[in-house]
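First the proteins, then the strands, lettered A, B, ... as listed; each starts at 1. Given the structure is predicted, the values throughout are model-derived calculations rather than measurements.
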There are 2 protein chains.
Amino acid sequence: MNAVNGHTPAHPKSRGAARRAARRRPTIDDVAAVAGVSRGTVSRALNGGRYVSPSSLAAVERAVRDIGYTVNVNARSLVTNQSNTVAFVLSEAPEHLFNDPNLGVLLLACTKALADHDFSLILMIAESATARDRTLRYVRGGHVDGVLLISTHGGDPILSALEHGNVPAVACGRPLDVAIPYVAADDREGARQLTRYLRERGCSQIGTIAGPQDTAGGIDRLAGFRDVLGRKAVKRLVAYAPDFGHAAGEAAMTELLERNPHLDGVFAASDQLASGALATLRRAGRRVPDDVAVGGFDDTSVAATTDPPLTTVRQPLDQVAKELVEVLLGLIRRQPMSSRVLPTELVVRHSA
Amino acid sequence: MNAVNGHTPAHPKSRGAARRAARRRPTIDDVAAVAGVSRGTVSRALNGGRYVSPSSLAAVERAVRDIGYTVNVNARSLVTNQSNTVAFVLSEAPEHLFNDPNLGVLLLACTKALADHDFSLILMIAESATARDRTLRYVRGGHVDGVLLISTHGGDPILSALEHGNVPAVACGRPLDVAIPYVAADDREGARQLTRYLRERGCSQIGTIAGPQDTAGGIDRLAGFRDVLGRKAVKRLVAYAPDFGHAAGEAAMTELLERNPHLDGVFAASDQLASGALATLRRAGRRVPDDVAVGGFDDTSVAATTDPPLTTVRQPLDQVAKELVEVLLGLIRRQPMSSRVLPTELVVRHSA
DNA sequence: CTGAAAGCGCTAACAA
DNA sequence: TTGTTAGCGCTTTCAG
């Protein structure tokens with residue numbers, strides 16, 4: 001109906017729109033005016049292009065490029081009632097958090113996986129009670145379409161809060177005591193793999209540094225260890241670490257060594273625990289892997305830089321992230337989604 | 001004008017609003033109806049409470065609590081044209097990125113600092129050309145009020161793209177060749193501190209493992225080293241690492257040792273480089289710090305877990321984050337803001 | 001396939 | 001101090 005180029009202002013809107021477009025950020029009306037179609041057609045063209053003639057579609061695309069139009073997400077979200085944004089919620093003391101090198105990798109991978117679906121990730125920390133309240137308010141306030149929950153400890157208040165909420169949510173790692181769909185690596189089988197490997201390697205006195213028993217990782221990795229060693233996994237051979245860090249690994253290794261002077265193998269529930277164990281062993285004058293073989297878990301960046309490099313169990317973190325996003329997006333589309341457990345892989349280096 | 005309790009529907013809106021409130025997410029009109037005031041009054045009460053009588057204010061607050069109202073940010077943003085959201089943009093190959101333990105700390109600290117101002121952080125990765133385009137489109141599309149730029153390498157296309165853009169932006173670390181306000185630790189002075197310490201400690205043959213020379217950290221830390229050693233810092237005593245990682249540190253240390261068998265001190269431009277240097281030195285049979293004293297930079301978590309623990313230079317990352325946010329928020333308010341350089345601190349452990 | 005028009009929930013300008 | 005009203009930019013019926 002109207003001229004396609006802006007030089008021939010046919011109906012009044014065209015002129016107004018064009019002039020305004022010079023100063024303000026262009027709107028859909030500006031596109032419509034330039035493309036010579038109605039606002040509705042532009043909208044349809046922008047959202048899938050259904051019920052739009054090829055010529056209109058082309059005109060719109062051209063106009064969009066010409067005037068550099070980008071949709072105003074707020075206006076769109078106001079009417080569609082969805083934001084194309086998900087919250088990545090960390091519910092733990094932040095100091096601990098980024099000591100775990102897994103977290104950064106996961107965060108990055110989720111961001112990228114979401115970007116592939118045109119979703120953005122907003123990072124929220126819920127370490128204190130007030131922060132948790134703010135997060136919950138924010139999430140429930142409809143600012144995000146769903147939640148990616150990174151909660152390590154059991155009894156996390158934010159988990160139960162989200163459990164019965166109407167906000168789609170998926171947890172990374174099996175949540176304790178809560179029925180929320182999750183995606184996790186197969187911790188238990190991974191622990192079995194490494195423990196079996198130690199045994200086949202000839203270790204006869206294998207101990208374990210177990211992670212905190214209020215985390216799924218801590219519990220399942222110990223369970224896997226016991227699956228393999230059965231009755232032999234006597235109390236004496238298990239040392240419990242209060243967290244997954246280096247210092248805890250040093251302490252637990254000291255304890256294990258005192259109780260079992262003839263130990264010749266150790267499975268630590270994380271690479272950092274293993275790195276601490278290595279430090280203690282060196283101080284005790286034990287050679288690794290000759291005197292004592294050591295295995296870790298996670299295959300984080302630290303595994304490659306210890307001396308000797310760690311034999312460990314790789315978690316498929318990229319895959320975890322991908323599936324986390326897949327499940328959440330499904331949930332957002334109101335599809336029924338179930339939890340997924342991903343296989344781990346033994347990575348043999350030099351410590352065992 | 002109207003009854004305060006919902007049982008006495010006086011004007012039509014009240015009834016409709018109340019009924020709708022039962023099913024839908026409550027709106028400002030629902031609050032108005034319940035509080036017995038107009039929508040405008042509610043809005044004013046919600047935004048600062050100016051020009052609102054104490055009694056109205058109380059009524060509104062009560063109504064908000066009663067019906068569990070939360071503002072619809074999209075509607076608000078649509079009219080105010082600001083989102084209370086900033087983008088945290090990473091412009092580098094992500095694999096490298098979270099090897100740097102600083103990054104996680106910074107990200108967390110920024111998130112918290114922003115939360116204190118009721119801003120949210122959205123994470124964006126601009127590693128590839130297409131990702132960069134998407135990021136730029138997103139940022140310019142008005143989805144965020146400003147940008148926190150974490151760019152390490154010089155010549156980053158996203159920097160120049162943002163330099164003359166009208167989007168408020170602040171960089172973490174001094175950007176190379178670009179005039180964008182930034183917040184950074186005083187790398188040069190930090191390097192001087194450590195180098196002086198090595199000299200005062202009695203080292204007479206001090207080498208350095210320099211970081212990549214297309215990063216401000218790499219350049220400035222080397223400059224600081226030279227400031228102290230002056231002419232003595234001959235070429236022979238400098239080894240260049242292609243990145244800040246452990247493996248690069250091992251290689252550079254090997255090189256340094258070959259060229260200078262009598263070396264008795266090393267300043268590495270990062271903790272991870274230093275950790276690599278430690279590994280090489282151990283393999284070479286040199287004792288640290290007795291034969292060779294080693295210093296790192298950053299005071300990341302690795303510094304505490306090496307053997308021996310690293311003497312290093314602490315960057316005040318929490319403070320950096322805080323000021324980063326302060327500057328960005330100022331910029332968003334259209335206040336003129338200038339760059340800030342923060343002092344570093346020498347942390348003495350056992351490696352030197 | 002297309003255009004017109006009705007809101008989405010909110011803020012801000014204006015009149016009272 | 002308050003209520004009324006006009007949009008913000010967009011999607012989505014609903015007629016045509």
Side-chain angles (χ1 to χ4, degrees), chain A residues 1-2 10-14 16-17 20-21 23-33 35-60 64 67-84 141-143, chain B residues 1-2 10-14 16-17 20-21 23-33 35-60 64 67-84 141-143:
Chain A
M1 181 176 254
N2 194 355
H11 70 267
K13 247 190 178 172
S14 172
R20 272 180 299 139
R23 304 190 44 70
R24 303 158 18 280
R25 181 171 156 204
T27 75
I28 200 173
D29 286 322
D30 298 322
V31 177
V37 298
S38 78
R39 180 217 304 222
T41 298
V42 175
S43 177
R44 283 185 291 264
L46 259 29
N47 302 3
R50 290 159 62 83
Y51 304 112
V52 180
S53 69
S55 64
S56 296
L57 195 70
V60 168
V64 164
I67 65 179
Y69 168 80
T70 52
V71 61
N72 179 321
V73 278
N74 296 311
R76 172 180 282 172
S77 290
L78 180 56
V79 40
T80 61
N81 221 350
Q82 66 143 35
S83 62
N84 270 37
H143 302 183
Chain B
M1 178 179 250
N2 194 355
H11 71 266
K13 248 191 179 174
S14 171
R20 273 178 299 137
R23 303 189 45 69
R24 302 156 21 280
R25 180 168 157 205
T27 75
I28 200 173
D29 286 322
D30 298 322
V31 176
V37 298
S38 79
R39 182 217 306 225
T41 298
V42 175
S43 178
R44 284 184 292 261
L46 259 29
N47 302 6
R50 291 160 62 82
Y51 305 111
V52 180
S53 69
S55 65
S56 296
L57 195 70
V60 169
V64 164
I67 66 180
Y69 168 82
T70 51
V71 62
N72 180 323
V73 280
N74 295 312
R76 171 180 284 172
S77 290
L78 180 55
V79 39
T80 61
N81 221 350
Q82 69 143 39
S83 62
N84 271 38
H143 303 181

Undergrad: How many angstroms lie between atom CG of Asn81(B) and atom CZ of Arg25(A), to the nearest 0.5 angstrom?
TA: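 Taking CG in Asn81(B) and CZ in Arg25(A), the distance rounds to 7.5 Å.
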Undergrad: Could you grab the distance from atom CZ of Arg39(B) to atom CG of Asp29(B), nearest 0.5 Å is fine?
TA: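 The CG atom of Asp29(B) is 4.5 Å from CZ of Arg39(B), to the nearest 0.5 Å.
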Undergrad: Could you give the CG-to-C1' distance, from Asn74(B) to dC8(C), as a whole number of Å?
TA: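 The answer, rounded to whole Å, is 10 Å.
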Undergrad: Using distance only, find each side-chain donor-acceptor pair of residues 44-54 of chain B under 3.5 Å and give its atom names and separation, not counting sequence neighbours.
TA:
{"unit_1": "Arg44(B)", "atom_1": "NH2", "unit_2": "Thr41(B)", "atom_2": "OG1", "d": "3.4"}
{"unit_1": "Asn47(B)", "atom_1": "OD1", "unit_2": "Arg76(B)", "atom_2": "NH2", "d": "3.3"}
{"unit_1": "Ser53(B)", "atom_1": "OG", "unit_2": "Ser55(B)", "atom_2": "OG", "d": "3.3"}
{"unit_1": "Ser53(B)", "atom_1": "OG", "unit_2": "Ser56(B)", "atom_2": "N", "d": "3.2"}
{"unit_1": "Ser53(B)", "atom_1": "OG", "unit_2": "Ser56(B)", "atom_2": "OG", "d": "3.0"}

Undergrad: List the residues meeting side-chain hydrogen bond (donor to acceptor under 3.5 Å, both in side chains) with Ser43(B), not counting sequence neighbours, and say none if there are none.
TA: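 Partners of Ser43(B) under the side-chain hydrogen bond (donor to acceptor under 3.5 Å, both in side chains) test: none.
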Undergrad: When you get a sec, tell me which of dT2(C), dG9(D), dT2(D) is the closest nucleotide to the side chain of Tyr51(B)?
TA: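 Of dT2(C), dG9(D), dT2(D), dT2(D) is nearest to the side chain of Tyr51(B).
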Undergrad: Side chain of Thr27(B), heavy atoms from C-beta onward: which of dC1(C), dG9(C), dG3(C) has the nearest atom to it?
TA: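 Per side-chain heavy atoms of Thr27(B), the pick is dG9(C).
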Undergrad: Report the nucleotide, chosen from dC1(C), dT2(D), dG9(C), that has the shortest atom-to-atom distance to any side-chain atom of Ser53(B).
TA: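 Closest nucleotide among those given: dT2(D).
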Undergrad: Indicate the atoms forming the closest heavy-atom contact of Ala59(B) with Ala35(B), along with that distance.
TA: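 Minimum heavy-atom contact is O-CB, 3.7 Å.
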Undergrad: First locate atom OG of Ser77(A), then atom CG of Leu78(B), and finally report the distance between them rounded to the nearest 0.5 Å.
TA: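 Rounded to the nearest 0.5 Å, the OG-CG separation comes to 10.0 Å.
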Undergrad: Atom CG of Asp29(B) and atom C1' of dT11(C): how far apart are they, to the nearest Å?
TA: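 Roughly 12 Å, once rounded to whole Å.
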Undergrad: Hey, does Ser77(A) reach any base, or is it just sugar-phosphate, or nothing, if we go heavy atoms under 4.0 Å?
TA: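 Nothing, no heavy atom under 4.0 Å.
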Undergrad: Could you work out how much the helix from dC1(C)-dG16(D) to dA16(C)-dT1(D) bends, comparing the axis of its first five pairs with that of its last five, to 10°?
TA: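 Inter-axis angle at the termini of the helix from dC1(C)-dG16(D) to dA16(C)-dT1(D): 40°.
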Undergrad: Return a single string for nucleotides 11-16 of chain D, one symbol per nucleotide in 5' to 3' order, where B is base contact, S is sugar-phosphate-only contact and - is none, cutoff 4.0 angstrom on heavy atoms.
TA: BBB---
Undergrad: Less than 3.5 Å apart, which donor and acceptor atoms pair up between the side chains of residues 67-75 of chain A and the rest of the protein, not counting sequence neighbours?
TA:
{"unit_1": "Asn72(A)", "atom_1": "OD1", "unit_2": "Asn74(A)", "atom_2": "N", "d": "2.8"}
{"unit_1": "Asn72(A)", "atom_1": "OD1", "unit_2": "Ala75(A)", "atom_2": "N", "d": "3.0"}

Undergrad: Which nucleotide sits closest to the side chain of Leu78(B): dG3(D), dG9(D), dG3(C)?
TA: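 Of dG3(D), dG9(D), dG3(C), dG9(D) is nearest to the side chain of Leu78(B).
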